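Input: a single structure, listed below in structure tokens.
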Number of protein chains: 2
Amino acid sequence: MSKEKILTAAKEEFAEFGLSGARVSRIAEKAGINKAMLFYYFSSKENLYKSVLRQTILGLMSQIKKILTPDLKASEFFEKMPEIYINYFSKNKDFIKIMGRELINDGKHYKAIIRETLEEDGRLTPSGIKELINKWIKNGEIKEESQFNMMMNIVSLSLFSFIGKPIAENILDINIKEDEIFYKNRIESISNLLKRGMLK
Amino acid sequence: MSKEKILTAAKEEFAEFGLSGARVSRIAEKAGINKAMLFYYFSSKENLYKSVLRQTILGLMSQIKKILTPDLKASEFFEKMPEIYINYFSKNKDFIKIMGRELINDGKHYKAIIRETLEEDGRLTPSGIKELINKWIKNGEIKEESQFNMMMNIVSLSLFSFIGKPIAENILDINIKEDEIFYKNRIESISNLLKRGMLK
DNA sequence: TTTATTATTAACCATTCGGTTAAACTAATT
DNA sequence: AATTAGTTTAACCGAATGGTTAATAATAAA
């Protein structure tokens with residue numbers, strides 16, 4: 001019970017302030033537990049951070065696994081990936097913040113967690129996705145493009161819909177509410193761009 | 001002289017550790033000055049951060065200004081924007097890190113600086129860009145799309161080429177060297193995607 | 001040369017931080 | 001009732017941290 005309360009409070013805290021900005025005492029306060037409990041269960045601030053990050057990453061991975069079937073078509077991929085990403089991010093605002101900070105800090109913890117996870121669970125393997133993309137290229141479903149650039153485009157467009165929003169807003173001097181319509185538009189725009197730009 | 005040395009060292013420090021992770025003593029050490037000098041010139045850590053952020057943002061804005069002429073064509077826009085962004089980011093690695101962290105922290109300082117800058121210098125106005133995009137829609141140069149989604153797509157694809165790289169690498173289990181070829185490929189891929197996806 | 005202003009320094013400081021400790025409480029087992 | 005293992009707490013701690021101070025050096029103006 002306490003362990004769960006700590007994890008929940010820590011996720012909030014790390015999302016808002018980052019690893020170095022987060023305060024152990026504040027996490028304890030939010031969780032309604034004694035600060036010593038935090039060290040009792042997680043032994044250090046950094047260790048608590050790793051636990052939060054692991055939970056966060058696994059949450060998204062389980063979503064992506066659902067769509068990655070061997071018979072997936074490229075067009076479906078370009079529709080479903082943005083949909084899953086945007087929907088997940090809109091409902092888990094902490095994810096973007098924690099993950100963004102982690103990536104800027106060279107993603108050292110992120111990489112370690114992915115490595116562990118792949119060892120435990122062989123289903124979502126890199127080679128599986130590679131095979132899928134190669135198949136689409138051979139089938140003539142998509143324009144020839146490096147696998148890497150293709151993944152970069154998908155991930156960039158989805159993830160950055162949240163982080164990059166203030167920039168686009170400032171350039172155009174507008175203020176976009178982050179509501180259902182915003183999410184729907186963003187999914188559609190990304191999906192269309194990917195399909196027009198990458199399908200044959 | 002000292003002021004400049006402090007700014008340079010601070011930029012490095014804030015990029016690597018963020019506002020809360022940065023250490024004033026470390027900045028002073030890097031700059032080769034006494035810590036008190038830092039407070040003598042900038043009065044507080046946060047104030048120093050704002051100065052660094054302002055310098056950083058103005059550096060990019062001056063690049064973008066160069067291409068934004070009233071007779072710019074949409075196809076040129078889709079070619080030059082990724083080129084400017086990617087080239088600038090590849091040569092100013094600190095920019096991405098500072099800006100990324102700032103945006104995740106809700107971009108409060110960023111917004112304030114943009115507001116000031118627009119008041120001082122009317123050349124790069126939001127209305128100017130809006131007019132350009134509206135013209136392209138009327139001319140039939142680009143597919144109808146909200147201005148906002150269009151800017152989001154451009155900014156996302158460019159900015160995230162750096163932050164999102166570890167994710168794409170992990171999904172495909174590859175390691176991409178960040179060299180001239182990488183930058184060239186990324187510019188081409190983004191530019192092609194934008195042109196195929198948004199030009200009529 | 002004197003005066004006023006700007007730069008620079010070493011030493012200092014209050015506060016906050018992550019982390020520890022030792023004792024006490026709780027609840028199931030024997 | 002005694003033992004055991006897991007849980008919880010208040011009080012404590014040394015090391016940093018951002019920031020200050022008061023004295024001094026360098027420079028320019030009078």
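Keep in mind the model is a prediction, meaning the values are calculated, not measured.
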(request) Map B:I33 and A:K35 onto DNA chain C by nearest heavy atom, then report which one ends up closer to the 5' terminus. (result) B:I33
(message) For a quick test of reading the model: is some side-chain N or O of A:S2 closer than 4.0 Å to OP1 or OP2 of D:dT8?
(response) yes
(message) Please tell me if A:R23 has a side-chain N or O lying less than 4.0 Å from either OP1 or OP2 of C:dT16.
(response) no
(request) Round to the nearest Å and state the distance from B:L38 atom CG to C:dT8 atom C1'. (result) 13 Å
(message) Distance to the ring centre below 6.0 angstrom and angle to the axis at most 45 degrees; does that hold for A:K11 and A:Y49?
(response) no
(request) Please state how far atom CD in A:E13 lies from atom P in C:dC17, giving the value in whole angstrom units. (result) 10 Å
(request) Tell me whether the guanidinium CZ or amine NZ of A:K35 lies under 6.0 angstrom from the six-membered ring centre of A:Y40 and within 45° of its axis. (result) no
(message) In this structure, how many angstroms lie between the C1' atom of C:dA11 and the CZ atom of B:F39, rounded?
(response) 15 Å
(request) Write down the distance between CG (B:N34) and P (C:dA10), rounded to a whole number of angstrom. (result) 6 Å
(request) Can you tell me the distance, in whole Å, between the CZ atom of B:F42 and the P atom of D:dG19? (result) 14 Å
(message) Counting the atoms with a prime plus P, OP1 and OP2 as sugar-phosphate, which does A:A28 contact under 4.0 Å by heavy atoms, base, sugar-phosphate, or nothing?
(response) nothing
(request) Indicate whether OP1 or OP2 belonging to C:dT16 is found under 4.0 Å from a side-chain N or O atom of A:S25. (result) no
(request) Kindly point out which of D:dT7, C:dG19, C:dA10 is positioned nearest to the side chain of A:M37? (result) D:dT7
(message) Does a side-chain N or O of B:Y41 approach OP1 or OP2 of C:dT8 to a distance below 4.0 Å, or not?
(response) yes
(message) Rounded to whole Å, please give me the gap between NZ in B:K45 and P in D:dT20.
(response) 14 Å
(message) I'd like to know if A:D106 pairs up with B:K97 as an ion pair, taking the criterion as any Lys NZ or Arg NE/NH1/NH2 lying under 4.0 Å from an Asp or Glu carboxylate oxygen.
(response) yes
(message) With a 4.0 Å cut-off on N to O distance, would you call B:K93 and B:E178 a salt bridge?
(response) yes
(request) Report the distance from atom OH of A:Y40 to atom P of D:dT7, rounded to the nearest whole Å. (result) 5 Å
(message) Looking at B:F17, I'd like to know if the NZ or CZ of B:R26 sits under 6.0 Å from its six-membered ring centre while staying within 45 degrees of the ring's axis.
(response) yes
(message) Without decimals, in angstroms, what is the distance between B:L19 CG and D:dT17 P?
(response) 14 Å
